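Small disclaimer: the values here were computed from a predicted structure and weren't measured.
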Amino acid sequence: MSNMKVTVDKIISLSESDGVDELQKHLTLLSDDQLTTMLTNSAVKGKDTGVLIKAIFKGSPVSVSHGANRRLLVYKHCIPLCESGDLQTEVTSDIIGLLMLETHSLPGHALAALASLYVDAIKLGEMNSGRSLELFPTILTALAATEALAYGKGELSGDEYKKQLINSLCSSRWDPQCVIHLTTMFRDVPLSAEELQFLIEKILRMFLKLDLQEIPPLVYQLLLLSAKGCKKLVLEGIISYFKKQDQLQKEEQRNGESEDVEVQTIPQDQLRHVEGTVILHIVFAIRLDHELGREFLKNLKAAQSDPLCPFSIALLLSVARIQRYEEQVFEFLKGTITKNFKDDQIQHSSKFLQELLPQCNSISNMILDTVKNSVFGWDHVTQGLVQLGFILMDSFGPKAGAFGKVTEGASSTAKTPNQLACRLGGQVLLESFKMHEPIRGEILEQVLNRLVTKTASPVTHFIDLLSSIVMSAPMILLESSSKVIETFDQLSYLPLSTVEGLLKAVQPLLKASMSMKDALILVLRKAMFSSNLDGRKSAVAGFLLLLKNFRILGSLASSQASQAITSSQVQADVHSRYNTAANEAFCLEILSSLRRCLNQQADVRLMLYEGFHDVLRRNSQLASSIMQTLLSQVHYLCLHPGAHLLCCTVHCLLWNQNIRSGGNVSNDEDDEDEEGGVQSELHTILESITKCMIKSELEDFELDKCAEFSTSSSVGVKNSIYAVLVMGLNEVLMEYNFITANYSKNHFEDVLELFKRYHKVSEILKERAGKGRPTSSKTSRSLLSLGFISTLLTALFRDSTQSREESLSVLRSSGDFLRYSVSVALQKIQQLEETGHTDGPEGQSPDKTFCHLCDITSVLMWRYTNVPSTVEDAGKKVKGQSVSLLCLEGLLRVFTTILQRFPTRMSNFLSSLDVSGEGEAEGEGSDLTEQTAFYIRQFQRALMNQLSGGEEGFNSKEAQLLVSILSILSRQHNPSSQQFVQMITWTVKICKETNFEDISLTKGLLSLLFNLHVLYKSPVSLLWEMCQDIHSQLGDIDQDVEVEKQSHFAIISMKTAASTTLLVLSQVGKVLDEVDWLIAKKKGQIGSDRTISGNTQQPLGQQDPIEKAVTIQLGTLLTALHELVQTALPTGPCTDTLMRELSRTYSILTTLTKYYIQLCATQPGQLSARLEKLVKLSGSHLTPQCYCFITYVQSGELTAGGPEKLKKKKEDEAVAAASAKVLRESKAIPNLIFNIEQYEKFLILLSKKSKVNLMQYMKLSTSRDFRINAATLEAALQEQEQQRDESQQRRFVFDFSLCVLQKNGLKQESKVSKGWNRLLDLKSELTLKHA
């Protein structure tokens, strides 16, 4: 050991002196083992290692072979020594640093040996610590600079040798533990673009072999490596990896749920935390390298086929926090969301598309998954989620209609892409509110701000969101009660609908927060005296809401009174904080405030009247006070009580009487006596008013038959108001007397007398309202309640009780009363369809409304099926409509309303209908398909009766209604069900056998056929047959051609052919939309497939299914259009629409041609035979006929009036000039010609690319710009010559006469003045005409 020490010291001392020769001699005496042992001992001790290596290098000149070999020996020994882990970190760093400094002095063979040493060690997995890998890039760099190296029997340049090494290294198997070290190492290696791509693909493949915890550091190194290039590949690989992990995790979760076993190879929380860390790394890299950010967005926009996943959405939202990308990200997300919804809608509406493409991935589920995933500490994503939610709700929420009128959606479910996007925004915000405490305040504040500021546009979607937030976490909202109280201060300035929605939404909070309730009462009291009418109405709405919901203990606990919005947190202290006495005092105080409204404007009073009944139902202990208030108001207006006041009084009185008689509510005896007195007095008043109204005449109300009711004058408006009030009074009294009659004949006679008074005023109003102008079809809204209408219709049409027969016959004998009853039902159903509620009691309760709707439908259905219009007594009809026809119209509106307002309860609705009259619903217990099929058969039978009854018994209106009902019911069938196929078969049969020349019926049946057929299979073959029938019926544009008589569909006749043409062309447009959508999908796939997976598509000769389907669709369409362009269509909408569809067809043919040009650029090969046939069909068949059709259209417009041209020369000249002007301004013909020429232009280009002569099928186009008709030109020239000759002759006569007058000196002025003036006029006339 001492000898060794002496030797080390000797080497160091010789190195420090100038004795280089002595140092070389001393080193020569050492064997390789002695030298390596010396290096090992020195390195392990950590003493003089760097000095020793420097001395060895100094005594080992590269110019001498043994010196170079000694240096190589030091490298080969130090590299594994450093990798072993036995040395201190500082020593390892010193050694590697010294070796790096001397690397460039090594000869080429030594560098090659060291590089091979590294490659072999990596392949064997001996580089796990990665400590010596810092040296490898320096070796490769020096190696690349070497000019020539021996390789096998030949030579290679250093750069080529380096490429071979990298290729060998990336092709070998890597130990997962060294992947991160290798990625870090390659950052310092100079790489070509191909080498870098090869390397990154290798690293991305290694992702699947690494533990999840190793992914974030590897991603970090990959992002640093991407500074060299291949940014797109890096981002795609990272996103693709996490997308697969998410899918695997979901599948495991799904399998675990189905098998009741939890087997997780990928723990969810661990995966989410890793994803969050990776997102942070990527966002940090994008902040430093904006080129990476641009590449990220560009890549997502380009990948149209399947761009997003929960991970990429989270990444996008995190990138949106960088200001320069914020707008781009949210615009991209908005566009992608709406595009996904539109694509899904297009695909669901066409069986043709469903069979070709798999179902679109739901972007809604992806975004909601991102929200769920963000609970794992993704704070950098939550802000983007909130922003996205509000952007979607602001951009796609309901819009204000014309003149600022708020138009709410008529449907209770989201259907359009915009509605779906708006709903998605609300779901994102609601779920984010539930999961993330820090952003709750911001979400609530922004929602409330929008309610206050968006007064000119609908805010129902924000009110729904607020209501959902309150229901999900009411106690959390109490922490932000100050924000809600601040919003209360703005109530008097907000629209009434907003106030009502806001107060209903926050109502649960009022029971839990005394401060919030007190603040609201203070605001409402101030609003009660507001100068703004809407402010006072808002106060009434707020007070009524409080009365409904702060129930006094002991009130009737009915289903109507139960609180719709409840929460366990709120229910706990409803009565602990507010006892019975407090609630009662509170409600009575509110009632006293509301009584002041009884002296205000009619609108305010009307709100109060309409609200009293709901208050009474929910808070029955207030009955005494409310009835007293109504009685005093009736006394106050005893001479002319308002119709709405009486309506409110009747409903409250009847409800209270019904409850008291049932003994459901117990009160003190004094209260009962007092209420009994009030009720008795009200009954007396109502009976007295009934007698007065029966005995009254129009003059008693300042009305008569000759009065003016025009809305253009103040007198007419006043009279109209009086008439409506009288009609309302009669209606209210009719309802009161019917319900209290107990089926008494005398009372029913009073009801009929009241109706006669109503009907008389109604008829006068209809006759006199216009005074020469067409009468408005809008009638005044009926004051009858929906529940009473249900009871009335059941009694009139279904009640077969013997004891009631005589009394009911009084009402049944009046056809006008029967029609009126059904008409009011129609009005109520229409109001429900448009607004979601009806006037009167229980009109705001969806459950009660649904029940009444079921009862009404049962009656209407029974009445129509048992008493058809063909056997109904003709009698006196209103506007030609029988009761059966009104019932049928009501059924159509009911089915429409149910689908829009209660779509999930369609099965309950159909099963509740009692058509047989035996008290059991038809199809009860069966599924929706069977129930629907039963009622479809009923209406099919009715339509067949109409069609088989001949022209005399045919009612066009009834047939149209039946077709509309069948169209609605058929939507409930599953397109794959047997019932759906039967429906299509029946419809096709009807269209083929029906020969009624009724245009409206034809449109209805063909629309039904198209709507069904498109869900079964593509309708192109159907369109072809119809085009043949149209051609056969209307004849050819060439009169010498005799068209073969064909009749696939008897419904298409000479009379209906034109309207059928428009329907067929409309369907052609839809098919073209589908084809265009498919081509766009394929074009997007070309780009994404080329980018991601290279050239993976099949050769051109083997057409894929989508290309084949597109070609077949277009080929059949071209054949159908070839029939239409030869048809002598009437000039006007038919020809214009055909021009537009032809233009679109050529435009889509051009798009298809461009697609194949793009395909040829990536995949050279032969075009499919089908495409060549399509080109031949378009070029040799359709295009020449298009030019003939253009000539036909122009000649038809220019020669209108033909033989009578000579008789009415001036008129025909004006017509011709107008026609010419229309032609000049028309764009249809130039657009068609342009699209044809564009199609031919790109066909030429495709022919060059594919080496197939496609232009051999195209005929030379006619030059449209300089088309000259020789006969027309000659006739025009002759006419112009004749006019010129006549003008010259008259001018000669004028000049001659003028000379004569001048020569005579005009002595007899008076005699020649007339002739002189006449000549001057003639001269002016000729001058103007000449000009």
Side-chain angles (χ1 to χ4, degrees), residues 1023-1049 1052-1069 1116-1146 1149 1177-1205 1215-1216 1219-1220 1222-1224 1226-1237 1239 1258-1265 1267-1272:
L1023 295 174
W1024 182 13
E1025 293 179 353
M1026 289 185 181
C1027 290
Q1028 288 177 324
D1029 288 351
I1030 294 169
H1031 191 191
S1032 175
Q1033 291 292 334
L1034 295 179
D1036 200 274
I1037 56 176
D1038 186 352
Q1039 297 179 1
D1040 298 333
V1041 175
E1042 185 176 349
V1043 184
E1044 181 184 354
K1045 291 296 179 184
Q1046 298 188 24
S1047 182
H1048 300 93
F1049 294 90
I1052 301 176
S1053 63
M1054 180 70 75
K1055 184 178 178 181
T1056 62
S1059 57
T1060 303
T1061 303
L1062 294 175
L1063 276 175
V1064 167
L1065 289 174
S1066 173
Q1067 199 64 31
V1068 166
T1116 314
L1117 272 187
L1118 291 183
T1119 311
L1121 291 173
H1122 178 250
E1123 291 284 345
L1124 280 184
V1125 293
Q1126 299 179 78
T1127 306
L1129 296 172
T1131 306
C1134 289
T1135 54
D1136 293 344
T1137 309
L1138 179 55
M1139 286 281 191
R1140 285 196 299 270
E1141 296 307 327
L1142 284 170
S1143 184
R1144 275 204 69 204
T1145 303
Y1146 279 103
L1149 285 170
L1177 188 63
S1178 63
S1180 61
H1181 287 69
L1182 186 60
T1183 303
Q1185 291 298 332
C1186 283
Y1187 286 116
C1188 295
F1189 183 72
I1190 291 172
T1191 306
Y1192 162 76
V1193 172
Q1194 289 178 328
S1195 62
E1197 290 179 347
L1198 286 171
T1199 60
E1204 299 180 0
K1205 183 176 180 182
V1215 169
S1219 300
V1222 169
L1223 281 174
R1224 285 196 303 271
S1226 174
K1227 295 182 179 179
I1229 294 175
N1231 282 345
L1232 175 57
I1233 295 169
F1234 173 76
N1235 286 328
I1236 292 174
E1237 292 173 351
Y1239 172 52
M1258 309 302 291
K1259 294 186 178 180
L1260 186 64
S1261 301
T1262 305
S1263 177
R1264 309 292 316 164
D1265 296 333
R1267 183 167 54 90
I1268 298 173
N1269 189 321
T1272 306

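Asn1231 meets the side chain to side chain contact (heavy atoms under 4.5 Å, CB included) test with Ser1143, Lys1227; sequence neighbours excluded. Checked against side chain to side chain contact (heavy atoms under 4.5 Å, CB included), Pro1130 has the following partners two or more places apart in sequence or in another chain: Leu1034, Ala1058, Cys1134. In this structure Asp1038 satisfies the side chain to side chain contact (heavy atoms under 4.5 Å, CB included) test together with Asp1036, Asp1040, Val1041, sequence neighbours excluded. Under the rule for a side chain to side chain contact (heavy atoms under 4.5 Å, CB included), the partners of Ser1178 that lie at least two apart in sequence or sit in another chain are Leu1118, Leu1149, Tyr1239. Partners of Ser1053 under the side chain to side chain donor-acceptor pair (under 3.5 Å) rule, at least two apart in sequence or in another chain, are Thr1056. The side chain to side chain donor-acceptor pair (under 3.5 Å) search around Glu1025 returns none, not counting sequence neighbours. For His1122, the ring pair (Phe, Tyr, Trp, His ring centres under 6.0 Å) partners two or more places apart in sequence, or in a different chain, are His1181.
No hydrogens or angles considered: a donor-acceptor pair under 3.5 Å links the side chains of Thr1183 and Tyr1146.
In this structure, the side chain of Ser1032 does not engage the main chain of Gln1028 through any donor-acceptor pair within 3.5 Å.
Smallest separation of non-hydrogen atoms from His1031 and Glu1123: ND1-OE1, 2.9 Å. Annotation for Gly1069 and Arg1144: closest pair O-NH1, 3.3 Å, computed over non-hydrogen atoms. The two residues Leu1124 and Cys1027 come nearest to each other via the heavy atoms CG-SG, 3.6 Å. Between Phe1189 and Val1125 the shortest heavy-atom distance is CD1-O, 3.3 Å. For Ile1030 against Thr1127, the heavy-atom pair with the smallest separation is O-CG2, 3.8 Å.
Of the candidates Leu1142, Thr1119, Leu1117, Leu1142 is the only one forming a side-chain contact (heavy atoms from CB on, under 4.5 Å) with Leu1182.
Contact check for Ile1233 versus Tyr1187: side-chain heavy atoms found under the 4.5 Å cut-off. For the pair Met1139/Ile1190, a side-chain contact is recorded, criterion being any heavy-atom separation below 4.5 Å from C-beta on. Contact check for Val1193 versus Asp1136: no side-chain heavy atoms found under the 4.5 Å cut-off.
Atom CD of residue Gln1194 and atom CD1 of residue Ile1229 lie 4.0 Å apart, to the nearest 0.5 angstrom. If you take SG on Cys1186 and CG on Leu1232, they are separated by 5.5 Å, rounding to the nearest 0.5 Å. A distance of 9.0 Å separates CG of Leu1065 from CZ of Arg1140, quoted to the nearest 0.5 Å. The line from OG of Ser1047 to CD of Gln1033 is 6.5 Å long, rounded to the nearest 0.5 Å.
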From CA spacing to verdict: side chain to side chain contact (heavy atoms under 4.5 Å, CB included), Asn1235, Thr1145 = CA-CA 9 Å; Asn1235 286 328; Thr1145 303; over 6 Å; no
